[in-house]
Structures are given as structure tokens and as C-alpha cells.
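Along the sequence shown, residues are numbered consecutively beginning with 1. All values derive from a computational prediction rather than experimental measurement.
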Amino acid sequence: DPTDEVYASRIAQIDEAAISSKNLIESNASYSTNPEYLSHVENIALAYAVNGSKYQGNKEMGEFAVEAFTNLSRDGYSVDSNKGFFWGWEFGYPTSICNTISLIYELLPQSVIDDYMAAIDKHNPDVGYTAANKMWDCQAILLRGVVGKDANKINQACDGMKSVYSYVTNGDGYYEDGSFIQHSNIAYNGGYGKSLMRELCESVAMLYGTSYQLQDENMENIYEIAMNAYAVYIYRGEMMDMVRGREIGSPVSRSSHRIGHQAIHFFVRMTQFAPEPYKSQFKSLIKKWINEDKYDSFFDSDLPLDILRLAKEICDDESVSPADELIKSVISANMARAVHLQSGWGFAVSMSSRKVGNYEAIDGNGNAWYTGSGMTYLYTDDMEQYADHFWTTVNRYRLPGITLDTVPRSGSDGNAKTNEYNWVGGATIGELYSAVGMQLSQYNTTLHAKKSWFMFDDEVVCLGSDITSTDGRTIESVIDSRK
């Protein structure tokens, strides 16, 4: 029902994006040479196609979308275009092209579709890359195969996808302990990993029930990854910042709660194809997270309408009980992270090691120098703590839990640098209590320290010892930093 409040607000967003994109294209005579405008054409096509939009089936909007899309196939993204940055040309633009074709298929000349298929084949001929980049690559080729009715391309994508949910023991990808690494040494469950899982689950759902359905022996990994790499790092609907990589430096529109919603998106999608008992577990988690997030409503997010519909059905289903509060202590050693969840609160530690970098300085995250130096997070009923402009206001030399040399830092000092020590990790007792330790070195200083955290049912004991430096500067340890 497009008049339902949950759907009406999202449809209004779609309409607003469509008219904004139309105005932008109309005001730029040279738009057709810039493939970045493909996403704007997709916005217009979505409003034309979606049920309940005031532009649904609108002749003017449909003709405008076809004309702009055709112009871009000639001048913006074609077999004759000079290839630009790999992400857009191989993943982003092909995905947007295929989405747009599916939305206005009946309006498009076959010649335009054929031209785009040829261009995609030139700029993205086969599957490459690792982890999330590989999944984006597979998705683009899969959609090209579906839209272009090419079985070879669909099979090519399916073969590539099977490796992204196979566990790795080094480098990029998912580890059995719930870690996810991208860019060689950065913890990224809630960044690149979240995108990988979302696109993977969308692709699996698309193929489900067809002759191309994924059915290999590692399929269960997808559900185990959801539980081990996400269920423990989503707190009351909020994705923990310590597994978001550089995204903590992104705008508020990509806040920890909105990223949590994007993760819930793929849990919702999995309920369409996951076997029991996973399906019931996922539904209970979805209901719990959506009900608990009082800071930012899941139903206000810019998610696909069918995801909102499925999530609403789960929340309205009286036979689905919200999951119990998770009481668990977990160490994801392969990304140097630990999380301790107890009744009414959660505690998390972000570390670095010889194989895990301290932070990634891209996209506004250039001053996250100490986020991998034993930074701690305390999650309580205050759901605004890390979501309400925490990273734009916190003193970067006073991050909670860290020990640091007060030497002035600037720019991307120490970007992705690893710790010279490998004594980083810990042990759990029955997944209820943990002892976690980190031998710390700090970039371009002589600071060395031993940090320990002992996590129990109602307390966490934080210890620092053997803290030494010969640089002659003040060394500080921070207990906490809260608003």
C-alpha cells in the first residue's frame, strides 16, 4: 500500500530525488559526456517505474529518461570512451546502467541496450579483485548477464561469487573468527564488508529458484558470517564504529545507525532464501534491532521499498519474537578487535598488530591516528553517544582507552601503519568473559606499553604497564571521553 506511512515517506524521497536529478541534467548541457550522470537517470527511471510515485508511468519523465540514457550511451559510457577510475567504470556505472534498463526496459530501443552491453563488456570483461571489490565486480557482470540475456555472463558472475564467501587465512576477506579485512590490513566489517554482504545477498536472492541458484558446499558460510561478523557488532541497531574503517569520517548520512540499517537490509534479504534455523534467527534479530533503535528509525532510511515491506511484515508478525539480549564475549583476532556484551551494556576494544593497521586515512578520516591504539567504546542506553557528531567533536588526542605520546600530529600521520608487536589478542572463557592484551608501539615515537582489559559480567578492568618512552614528551592514558 503506497499510502502506508512507512512506504509513503520513502516514495516521497524517490520522487524528490527524481525531480532533483531531472533539474540537474537539464541545467548541464554537457551532462551526456559524464557517466556520473547515469545515477541521476536511474533516479528518474525509478520514479517512473515505482508503484505509488506521482511520476509512475508519466510520459514526460519516461521520455526524458530515455533521451538522457541514450545520449549517455553515445557520449558518456560507450565502447569508444576512455576508461576512468576503475570503481565507477567497472562496477558503479554498469550496475546503474542495468538497473535503469530494468526500470524502463519497455521504452528503450534494443540498439541502446546493445550499445550499453558492448560498453560494459569492454570496460569490465571478466571478474577480478578481492573481497568487496570482487563482489561489486560480480554483481555488475551478473546484472549485465541478466539484462543482456547472456548465460555465459551469469555463470561467470556465479563462479566469481563463490570465493567471496569462502573463508581466508590472510589478506582481504572474511575469517572464521568473524573478522573482515579490506585494503590488506584494515578492519572493515561495517564498511566494505557490509557492502559485500548486501550485494551478495541481493545476488543470491535474485538467482534463488532459478537454474543458476548458488548451491555450493560453502553456502552456509553466508549465514555463519552474518552471525559471527555482524550480530555481535550491531548494538541496538547501530553498527560499531571500530569495524567501519574510514567510514567514521563520512557525513552524518552514513552514521553508525544508518550503516546498521544497511546491515539489517541484508539480514532481511536473507530471510527470503536462508534455511532454518537461520531464517528464524534472522527474523528475531531484525525485530530486536528495529524495535531497539530509538535514535534513528529503520523505516526512515533510504532503503529499497521491498526491504521496508519485508521488514515491516517481520515486525508486525506476532509469531516472531525479538531475539534475547546477546550476552557474549568475542575476540576477532584477525582484525585485532574484541567485544564484550552484557545485560544493558557493551564494551569494545580496537587494536592494531603486525598484520592489522591502526587506521585508514581516506575520505575525511585523516586524523584518526589513535583509533587502533586500544581505543575503547562503552555502549549503553545512550544511543546518541557515537552517532551524534562524535567524530566531528571529539578531541583526537583524548580518545577513550588510549595511551599516547602527545606529539602533534597532522594529516594522515601513520596511515595504515602496523604495530611492531604481534602480542595482540586474548582468550575467552565460554564466550562469557575475556582477557585481552595489546603490546603497543606508536608510529614515529619510542613509546611502548602493555595494555590489558579483563572483561567480566558487571565490570571491565583496564590495566596499563611497562609504559616507556625516551622522547622527552608527556605520555598520557585516557580513561574515557564522553559528552
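With a 4.5 Å cut-off on side-chain heavy atoms, N365 and E247 do not count as touching. Counting heavy atoms from C-beta outward, Y167 and I225 have side chains that approach closer than 4.5 Å. You'll find the side chain of N133 stays beyond 4.5 Å of the side chain of E90, heavy atoms only. By the 4.5 Å heavy-atom criterion applied to side chains, I154 and L142 are counted as neighbours. Considering only heavy atoms from C-beta on, Y386 stays 4.5 Å or farther from M240 through its side chain. For the pair D150/R144, a side-chain contact is recorded, criterion being any heavy-atom separation below 4.5 Å from C-beta on.
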Intermediate values then yes/no, side chain to side chain donor-acceptor pair (under 3.5 Å), E292 and Y235: CA-CA 9 Å; E292 286 181 339; Y235 190 81; over 6 Å; no
Step-by-step side chain to side chain contact (heavy atoms under 4.5 Å, CB included) determination, E360 to N415: CA-CA 6 Å; E360 185 169 53; N415 173 43; 4.2 Å; yes
Check against side chain to side chain donor-acceptor pair (under 3.5 Å), S179 and D177: CA-CA 6 Å; S179 301; D177 67 356; 2.8 Å; yes
Steps toward side chain to side chain contact (heavy atoms under 4.5 Å, CB included) verdict (E238, D293): CA-CA 7 Å; E238 175 182 12; D293 192 347; 5.7 Å; no
Steps toward side chain to side chain donor-acceptor pair (under 3.5 Å) verdict (D216, Y165): CA-CA 11 Å; D216 68 294; Y165 53 84; 2.4 Å; yes
Residues D121, K153; criterion salt bridge (charged side-chain N to carboxylate O under 4.0 Å, His left out); working and verdict: CA-CA 10 Å; D121 289 346; K153 287 293 180 181; 3.8 Å; yes
Side chain to side chain contact (heavy atoms under 4.5 Å, CB included) evaluation trace for S280 with K283: CA-CA 5 Å; S280 294; K283 286 184 176 182; 5.7 Å; no
CA sep, side-chain torsions, deciding dist, call: D306, R269, salt bridge (charged side-chain N to carboxylate O under 4.0 Å, His left out): CA-CA 9 Å; D306 70 319; R269 185 63 77 203; 2.8 Å; yes
Step-by-step side chain to side chain donor-acceptor pair (under 3.5 Å) determination, D15 to S53: CA-CA 6 Å; D15 287 348; S53 165; 2.5 Å; yes
Side chain to side chain contact (heavy atoms under 4.5 Å, CB included) between I222 and M219, intermediate numbers included: CA-CA 6 Å; I222 299 174; M219 277 292 292; 3.8 Å; yes
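Of the charged side-chain nitrogens involved, none lies within less than 4.0 Å of a carboxylate oxygen, so that D172 and K134 do not count as a salt-bridged pair. The pair E202-R198 fails the salt-bridge criterion, with no side-chain N (NZ, NE, NH1 or NH2) lying under 4.0 Å from an Asp/Glu carboxylate O.
In this structure, M117 and C98 approach most closely via the heavy-atom pair CE-SG, 4.4 Å. Closest approach of G178 and Y233 over heavy atoms only: O-CE1, 4.4 Å. Across all non-hydrogen atoms, the minimal contact from D1 to Y7 is O-CD1, 3.0 Å. The shortest heavy-atom contact between I248 and A368 is CD1-CB, 4.4 Å. Shortest non-hydrogen contact noted between V6 and S9 is O-OG, 3.3 Å. The minimum heavy-atom distance between I104 and A65, with the atom names listed, is CD1-CB, 4.1 Å.
Within a 6.0 Å radius of NZ in K483, more than 12 heavy atoms belonging to other residues, nucleotides or ligands are found. Few gaps surround NZ on K279; more than 12 heavy atoms of other groups in view lie less than 6.0 Å from it. E5 CD: 12 or fewer foreign heavy atoms inside a 6.0 Å radius. Within 6.0 Å of NZ in K54 there are 12 or fewer heavy atoms belonging to other residues, nucleotides or ligands. Counting heavy atoms of neighbouring residues, nucleotides and ligands inside a 6.0 Å radius, atom CD of E16 does not exceed 12 of them.
Ring-plane geometry between Y223 and F282 is classed as tilted, the angle between the planes lying from 30 to 60 degrees on a 0 to 90 degree scale. In this pair, H40 and Y37 present their aromatic rings tilted. The plane angle is within the 30 to 60° band. Ring orientation note: the planes of H183 and Y188 are nearly perpendicular, at an angle over 60° on the 30°/60° scale.
Between the CG atom of D382 and the CG atom of D388 there is a distance of 9.0 Å, given to the nearest 0.5 Å. Remark: L108 CG to D114 CG distance equals 11.0 Å, nearest 0.5 Å. Q281 CD to I286 CD1: the interatomic distance, rounded to the nearest 0.5 Å, is 11.5 Å. Rounding to the nearest 0.5 Å gives a distance of 10.0 Å between CD1 of I11 and CG of L308. Taking CG of N228 as the start and OG of S332 as the end, the distance is 8.5 Å to the nearest 0.5 Å.
Between Y174 and F180, the distance from one ring center to the other falls under 6.0 angstrom.
Side-chain polar atoms of Y278 and E224 form a donor-acceptor pair below 3.5 angstrom. Side-chain contact annotation: S78 with S81, donor-acceptor N/O pair under 3.5 Å present. In the model, R409 has a side-chain atom that pairs as donor or acceptor with a side-chain atom of Y370 under 3.5 Å. Between S30 and N28, the side chains place a donor N or O and an acceptor N or O closer than 3.5 Å (distance only, hydrogens not considered). Looking at N358 and N419, their side chains never bring a donor and an acceptor atom within 3.5 Å of each other. For the residue pair S96 / E42, a side-chain donor-acceptor distance below 3.5 Å is found, with atom types taken as modelled. Defined by atom type and a distance below 3.5 Å, a donor-acceptor pair is missing between the side-chain atoms of K22 and N43.
For residues 96-154, the ring pair (Phe, Tyr, Trp, His ring centres under 6.0 Å) pairs, not counting sequence neighbours, are F69-Y116, Y77-H123, F86-Y129, W87-W136, W89-H123, F91-Y129, W136-Y192.
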